[in-house]
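Data block below; observations after.
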Amino acid sequence: EEPSDEKNHQTQRRRISAPTRLPLPQRDAPARPSPPFQLPFQLLSFSYTPERELVFDDSALRYYIDPPQRADLTYRYDDWTKREEERGRLDGLLRACVRDEVEPERVRANVITWRGILTKILGSPYEDRDSWELNVMSVNGTLYLEEHPSQAKLADMRMTDTDPKRRLQTYFGYSFESYCTSEKPPRTMTREEHDERDWAGGWGGDVNTNVQWCSVVKTKLDNIRVLCGGEVDCVRDRYTKQPDTFVELKTSMNIRRGNDVDVLRFEKKLLKFYLQSFLLGVPEIVVGFRTPAGELTALESYKTIELPRRVRGKPGAWDASVCLNWGCDVLRFLHRSVSRDSDSQNLHDEKDWRPPVWRLKFEPRKGLELRRLELSEVEDE
Ligand code: A3P
Ligand code: MG
Ligand code: MG
């Protein structure tokens, strides 16, 4: 018999809400084969307008175009329309999820989240600097993961906003995107349009970081059905409505000749580039190398699937299969704790029922800690 009196019930609830831990895999743990990862399939795309309005069209889709040599990434820094810092809510993705194109997949999904969150989870076995926190909910057996900005993270966001050096470095990345993209496919541009672009130093517009184009894909990590959305910088040549022509743009500091520290630092960064692109099915990453002052010095295109082999066997290198196995472990851990608890309450039909919110915390080199928030904490959100 289930314990039915109130006291027993409370004891049981208290036991469940004590934090549970998932330690990171040992660095020298024996290798496990990589779980299968299904090629991401696009269900829907949407755009954010210059005023940061979400619209279900491709108005923010951009095409790749080569940037001019030695482009100046500081160009028009003072004209930057900077997006307000947002709290990383799921709102945009949820609006996409109730559209006809996504709805049937939403119902079947085990996990729904932004691509950036999955990148953080999968990359955490090799993360030794940044901690992060998520809110986790389960509705009808589907996990929803959303960023919870910790105090440390909020302080860091304010720094990016106010510290002139950080702000300029952030601009370099966006300015590179503007140099490398065009609203029209380059092959359909007239001679005059190309000339005009060249006159303007290789780019026609202002940097407005409100504008973003997003793709919502379904995929499967082992047997876990994942629905995720993420920003795509541009497409190469043509848009096929699938990720096969997507391009991710990145800037990175010059690698000084013969400087092993520079090489190591870059190869470590490649893991983030890799996971971010791989999870959305982006097959190509174009990296613009720059000087500390923001002059573009070299351009290199990488095939996403080839990146793991580039670093394999090197000292301190990352192993993509460790990340994928860890990703499966984390999602199953959340399913075990959060979904079973939410579904066991079996109150979904009650009018005011809201799913309990759980907090997942990651500490570098340690691992994860999960606990259920008290109702009062949720209302503080
Ligand atoms: P770089 O990645 O070239 O540095 P994304 O590459 O994900 O499309 O992001 C575009 C740019 O946004 C980045 O360019 C960087 O300038 C800025 N950016 C992204 N994530 C950031 C973060 N966590 N903090 C500060 N800037 C960030
Ligand atoms: Mg981007
Ligand atoms: Mg980018």
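Whatever order the structure lists ligands and atoms in, that order sets their numbers, starting from 1. When a residue number appears, it is its place in the shown sequence, counting from 1.
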Original post:
Less than 6.0 Å separating the ring centroids of Tyr174 and Phe172?
Top reply: no
**OP:** Decide if atom CG of Asp100 counts as having more than 12 heavy atoms of other residues, nucleotides or ligands within a radius under 6.0 Å.
**Re:** no
**OP:** Mark the output for Thr209 as yes if a heavy-atom distance to ligand 1 is under 4.0 Å, and as no if none is.
**Re:** no
Original post:
If you draw a 6.0 Å radius around CD in Gln242, do more than 12 non-hydrogen atoms from other residues or ligands fall strictly inside?
Top reply: yes
**OP:** For ligand 1, note which part of Arg166 has a heavy atom under 4.0 Å away: side chain, backbone, both or neither.
**Re:** neither
**OP:** Applying side chain to side chain donor-acceptor pair (under 3.5 Å), run through Arg225 and Gln38 and close with a yes or a no.
**Re:** CA-CA 9 Å; Arg225 287 181 196 282; Gln38 197 179 68; 5.9 Å; no
**OP:** Return the set of residues passing side-chain hydrogen bond (donor to acceptor under 3.5 Å, both in side chains) with Asn325 (not counting sequence neighbours), or none when no residue passes.
**Re:** none
Original post:
Taking the six-membered ring for Trp, is the centroid-to-centroid distance between Trp318 and Tyr126 below 6.0 Å?
Top reply: no
Subject >> Distance filter under 4.0 Å to Glu177 heavy atoms, resulting ligand 1 atoms >> reply: 8 (O), 10 (C)
Subject >> Pair Phe278 + Phe37: ring centers closer than 6.0 Å >> reply: yes
Original post:
Does the protein put a heavy atom less than 4.0 Å from atom 22 (C) of ligand 1?
Top reply: no
Original post:
What class does the angle between the rings of Tyr77 and Trp80 fall in, given that below 30° is parallel, 30 to 60° is tilted and above 60° is perpendicular?
Top reply: tilted
**OP:** Run the numbers for me: atoms of ligand 1, each under 4.0 Å from some heavy atom of Glu248, listed by number.
**Re:** 5 (P), 6 (O), 8 (O)
Subject >> Polar contact flag for Tyr171 and ligand 1 (N/O pairs, less than 3.5 Å) >> reply: no
Original post:
Considering only heavy atoms of Leu249, which atoms of ligand 1 have at least one such atom less than 4.0 Å away?
Top reply: 6 (O)
Subject >> contact_flag Met157 ligand 1 heavy-atom lt 4.0 Å >> reply: no
Original post:
Is Arg99 positioned over the aromatic face of Phe56, cation under 6.0 angstrom from the ring centre and no more than 45 degrees off axis?
Top reply: yes
Subject >> Closer than 4.0 Å: a protein non-hydrogen atom to atom 17 (C) of ligand 1 >> reply: yes
**OP:** Might you check, step by step, whether the distance between atom 8 (O) of ligand 1 and some protein heavy atom is under 4.0 Å?
**Re:** yes
Subject >> Neighbouring protein N, O or S atoms of the Mg ion (ligand 2), below 2.8 Å >> reply: 2
**OP:** Identify the two heavy atoms, one from Leu145 and one from Thr113, that lie closest to each other, and give their separation to 0.1 Å.
**Re:** O-OG1, 2.8 Å
**OP:** Please state whether Phe176 comes within less than 4.0 angstrom of ligand 1, counting heavy atoms only.
**Re:** no
**OP:** Could you label the plane-to-plane angle of the Trp213 and Phe246 rings as parallel, tilted or perpendicular, counting under 30° as parallel and over 60° as perpendicular?
**Re:** perpendicular
